[in-house]
Amino acid sequence: MSCTNIIIDLRAVKAPFYIEFGDHFNFALNFFDADNVAIDLSTILDAQLIVDDVEVASLGDGITVTGVDNNTLTFAKANALAVGKYQYSIVVTDSDGLIKTYIDGKMTVE
C-alpha cells in the first residue's frame, strides 16, 4: 500500500459567525457523520462555545442536546460581548473524554 498522496484532515470546519450586539446566542447545530448518519450526542460529557479562550456557554448552561436523534446542540444564552471581532470555537467532549473541535473561526459582533 502506498500512502504518498493521502491527507488526513481532522481540522474543524471554518465558519464565520456574525451576531448583532445585544442579541442572545440562539441557534441549533445538527451533527452528522460523513455518511449523513446522525451523531448521537446524548452521552457527551460536555459541549462548549468558547470565545477568545473564554467559555461563554456549556452543556447545561446555555447548551442542550435536542433533536429526534439526539444529534442537535441547541444554544440559548445571553451574549455579553462588546462590538468587535473574536475567535470562537464549538468543542464537544465525548463519553470517553475525547475532545473534538467541530467548528471554529472568526466571530463578529456588530
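Worth saying up front: this structure is predicted, and the values here are computed from it rather than measured.
Taken from OG in S95 to CD1 in I44, the straight-line distance is 9.5 Å, to the nearest 0.5 Å. With rounding to the nearest 0.5 Å, the separation of CD1 in I103 from CD1 in I90 is 4.5 Å. In this structure, CG on N26 lies 13.5 Å from NZ on K77, to the nearest 0.5 angstrom. For the atom pair CD1 of I50 and CE of M107, the computed distance is 11.0 Å after rounding to the nearest 0.5 Å. Atoms OG1 and CZ, from T72 and F32 in turn, are 7.0 Å apart once rounded to the nearest 0.5 Å. Atom CG of L49 and atom CG of D61 lie 11.0 Å apart (nearest 0.5 Å).
Formation of a donor-acceptor pair under 3.5 Å by the N79 side chain with backbone atoms of L81 is found in this model. Not a single donor-acceptor pair under 3.5 Å links the side chain of N70 to the backbone N or O of L41. Looking only at distances, a side-chain donor or acceptor of K100 sits under 3.5 Å from a matching main-chain atom of L10. Looking at D40, its side chain does come within 3.5 Å of a backbone N or O of S42 through a donor-acceptor pair. With N71 contributing its side chain and F31 its backbone, the two residues share a donor-acceptor pair below 3.5 Å. Formation of a donor-acceptor pair under 3.5 Å by the D52 side chain with backbone atoms of Q87 is found in this model.
Two residues are said to be in side-chain contact when any heavy atoms from C-beta on lie closer than 4.5 Å; V65 and L73 meet this criterion.
Counted within 6.0 Å of NZ on K85, heavy atoms from surrounding residues, nucleotides or ligands total 12 or fewer; the atom is thus considered open. Residue D53 qualifies as open at atom CG: its count of foreign heavy atoms under 6.0 Å is 12 or below.
Here F75 pairs with F27 under the ring-ring contact (aromatic ring centres under 6.0 Å, His included) rule; sequence neighbours left out.
Heavy-atom minimum distance, Y86 versus A82: OH-O, 2.7 Å. Nearest approach of S89 to D104, heavy atoms of both residues: CB-CB, 3.8 Å.
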Kindly indicate, with the supporting measurements, whether the criterion side-chain hydrogen bond (donor to acceptor under 3.5 Å, both in side chains) is fulfilled by T74 and T66.
CA-CA 7 Å; T74 299; T66 61; 2.8 Å; yes

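Hydrophobic clustering (ILVMFWY, side-chain heavy atoms < 4.5 Å, transitive): V83 and F25 are in one cluster. In this structure, V91 is not a member of the same hydrophobic cluster as L59, with clusters built from ILVMFWY side-chain heavy atoms closer than 4.5 Å.
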